[in-house]
Amino acid sequence: MDKFVVRGGNPLVGTIRVSGAKNSALPCMAAAILTEDEVTLENIPQVQDIETERKLLASMGAEVELGYGRAQHRTTISCKTLSDPVAKYEIVKTMRASSLVLGPLVARCGMARVAMPGGCAIGGRPIDLHLKGLEKMGAVITQEHGYLEARAERLKGAHIVFDKITVTGTEDLLMAAVLAEGESIFENCAREPEVTDLAAMLVGMGAQIEGAGTATIRIHGVQKLHGVRHRINPDRIEAGTFLVAGAITRGDLIVANCNPAHLGAVIGKLQEAGARVDILSADTVRVRADGDLKATDISTQEYPGFPTDMQAQYMALATQCEGVSQVRENIFENRFMHVQELVRMGANIAVDGRSATVRGRTELSAAAVMCSDLRASASLVLAALVANGESILDRVYHMDRGYERIEEKLRGVGAQIRRMGDIFSARETAE
Ligand code: EPZ
């Protein structure tokens with residue numbers, strides 16, 4: 001099981017490049033189910049979840065080419081024949097976003113069998129709103145042996161008001177509605193850029209969608225969709241993670257290939273804390289922090305509010321800010337798995353339900369720590385970059401799910417970080 005060995009103390013200086021957004025690529029790959037034609041997606045990140053999605057589509061009968069390097073981070077998917085529209089438990093249990101195939105499978109094949117996603121480290125993660133919406137569109141849904149089965153001759157357009165704002169719920173039902181009969185109006189939709197990215201791809205396939213990126217989306221169902229070549233958005237959470245890395249290490253970091261328009265809440269908070277953040281161009285942001293940083297409060301909200309996927313990373317920064325920072329996690333019920341590991345490095349953090357109080361600034365000392373989920377892992381890397389000494393981060397496979405070659409990218413701007421297969425080779429190499 002791979003580990004990271006990180007020696008703290010180096011400010012990050014230079015230019016670091018952002019990859020395509022995992023959380024855009026996943027729904028866009030599922031959208032290929034909606035057409036018999038070939039779909040090509042560019043700017044695909046080389047992360048584990050994308051490989052999982054490739055396996056999932058291939059297991060249903062799709063032909064999926066996926067290449068990096070010279071292949072320019074591109075995937076070409078043909079769902080001409082979907083011989084087995086089943087998302088099997090062995091795959092779904094490793095990635096709950098597999099539920100994103102539910103809507104497109106029912107829309108394209110008239111049926112779907114999807115293993116129910118278990119919970120995960122950060123919360124129960126139910127998909128009841130996905131199912132409620134599909135039923136409202138005429139699907140008959142049964143549950144047996146841990147699988148959901150959804151059937152519909154042809155889905156019908158519906159007026160759906162989401163009880164809660166759900167990103168993949170909005171995406172799943174958007175993909176169901178584009179081939180449904182008649183009009184659909186969805187209200188209280190997620191406004192995340194990943195929804196807008198998916199909608200842009202679907203429109204490129206011939207779908208009729210208005211209002212993506214706002215709370216109300218209108219869809220006019222069509223009979224068929226055709227192939228498309230679509231470029232995936234830059235990953236706003238990876239970009240935000242790098243901006244925090246530049247600030248926490250008191251560096252001077254240029255984050256390239258990003259979209260500053262998607263980073264408003266994160267940039268605002270970093271500036272409030274005293275970091276200097278400048279938008280240099282439509283795809284480049286510069287972050288500098290040389291003086292003291294001051295405590296600020298964050299409260300996670302749906303987009304365009306402060307993203308829950310940046311909460312753990314920001315908490316690491318808060319340990320280096322003078323004063324008391326209040327961190328409120330409003331989206332998930334258990335997204336403080338990083339706190340105890342940060343405390344083991346010397347952070348002063350007290351948790352009370354969905355709120356955490358961070359007292360800074362505290363000297364962090366390097367330690368052997370355990371990654372528990374994707375963004376908690378990022379938080380521990382950020383803390384290790386400023387901790388005194390050499391930290392060992394275990395179970396970095398969590399990080400590999402959503403960050404492409406992060407140790408190489410960070411090393412490229414001065415971080416002392418390397419990946420090791422096991423602790424003994426790490427000791428030899430680091431000494
Ligand atoms: C997406 O998850 C992202 N994943 C998550 O990113 C992200 O944290 C989350 O949105 C919030 O922004 C992908 O896009 C693949 P939700 P999703 O449905 O869609 C409740 C990462 O780190 N809910 O918006 O699963 C749910 O329990 C990952 O990259 C229901 O109750 O999140 C949560 O409390 C982690 N019923 C809230 O809504 C439902 O049917 C928001 O969840 C659906 C959701």
Side-chain angles (χ1 to χ4, degrees), residues 19-31 45 47-50 52-53 56 92 94-103 114 116-136 141 148 160-176 186 188-198 215 232-233 235-241 262 265-266 300-314 329-335 337-338 354 371-379 398-404 406:
S19 299
K22 152 180 96 78
N23 289 350
S24 268
L26 291 172
C28 287
M29 288 175 77
V47 297
Q48 184 55 44
D49 276 6
I50 298 301
T52 303
E53 179 90 351
L56 173 63
V92 174
T94 66
M95 184 181 71
R96 54 178 322 291
S98 308
S99 56
L100 277 166
V101 301
L102 188 58
V114 175
M116 284 189 289
C120 78
I122 63 177
R125 311 289 296 277
I127 59 167
D128 56 308
L129 301 180
H130 302 227
L131 304 179
K132 204 169 152 187
L134 282 173
E135 284 176 331
K136 192 140 191 209
I141 296 179
L148 291 165
I160 294 169
V161 183
F162 286 98
D163 297 344
K164 290 174 86 167
I165 294 173
T166 161
V167 176
T168 50
T170 302
E171 293 164 346
D172 211 359
L173 294 180
L174 181 58
M175 290 190 277
F186 294 165
N188 199 27
C189 297
R191 297 183 282 166
E192 270 69 3
E194 292 75 42
V195 174
T196 313
D197 202 6
L198 171 65
I232 298 294
N233 267 347
D235 191 315
R236 61 191 171 95
I237 304 301
E238 184 189 17
T241 304
H262 296 160
V266 173
T300 64
Q301 304 294 336
E302 294 87 357
Y303 190 86
F306 191 90
T308 173
D309 290 352
M310 281 297 305
Q311 177 259 108
Q313 298 91 311
Y314 201 86
E329 172 53 61
N330 297 305
I331 308 294
F332 291 110
E333 62 267 31
N334 184 34
R335 205 168 197 176
M337 307 283 279
H338 44 287
R354 289 192 178 211
C371 299
S372 55
D373 61 83
L374 173 54
R375 307 305 174 183
S377 313
S379 175
H398 288 291
M399 201 145 203
D400 293 336
R401 291 192 52 176
Y403 286 94
E404 176 174 347
I406 189 157

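From a predicted model like this one, the values you see are computed outputs, not experimental measurements. When a ligand or atom number is given, it counts from 1 through the structure's own listing order.
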Nearest protein heavy-atom contact for [atom]: which residue, which atom, what distance?
atom: atom 16 (P) of ligand 1; answer: V167 N, 3.7 Å
atom: atom 17 (P) of ligand 1; answer: T168 OG1, 3.6 Å
atom: atom 20 (C) of ligand 1; answer: K164 NZ, 3.9 Å

Which ligand 1 atoms does [X] reach within 4.0 Å, using its non-hydrogen atoms?
X: L129; value: 36 (N), 39 (C), 40 (O)
X: R375; value: 21 (C), 22 (O), 29 (O)
X: R96; value: 25 (O)
X: I331; value: 33 (C), 34 (O), 41 (C)
X: H130; value: 40 (O)
X: I165; value: 24 (O), 41 (C)
X: I127; value: 39 (C), 40 (O)

Review point. Salt bridge or not for E194 and R236, using N-O below 4.0 Å?
Key: yes
Point to revise | Of the listed options D373, D309, V195, closest to atom 6 (O) of ligand 1 (non-hydrogen atoms) | key: D309
**Study point:** Option with minimal heavy-atom separation from atom 44 (C) of ligand 1, where the choices are G169, S98, P126, P117
**Key:** P126
Shortest non-hydrogen contact from [X] to [Y]?
X: V266; Y: P307; result: CG2-CD, 3.9 Å
X: L134; Y: A176; result: CD2-CB, 3.8 Å
X: L129; Y: L173; result: O-CD1, 4.0 Å
X: E404; Y: S19; result: OE1-OG, 2.9 Å

Out of curiosity, is [X] lining ligand 1, as in a heavy atom under 4.0 Å away?
X: L131; value: no
X: K132; value: no
X: K22; value: yes

Review point. Does P45 reach the side chain of D235, with side-chain heavy atoms less than 4.5 Å apart?
Key: no
Does [X] approach ligand 1 within less than 4.0 angstrom via side chain, backbone, both or neither, non-hydrogen atoms only?
X: E302; value: neither
X: E171; value: neither
X: R335; value: side chain
X: E194; value: neither

Exercise for review: Using modelled atom types only, decide if a donor and an acceptor are shared between the side chain of S24 and the backbone of D197 within a distance under 3.5 Å.
Suggested key: no
Review point. Is there a donor-acceptor contact under 3.5 Å linking the side chains of S377 and Y403?
Key: no
Short N/O distance, under 3.5 Å, between [X] and ligand 1?
X: T308; result: no
X: A97; result: no
X: E192; result: no
X: L100; result: no
X: E333; result: no

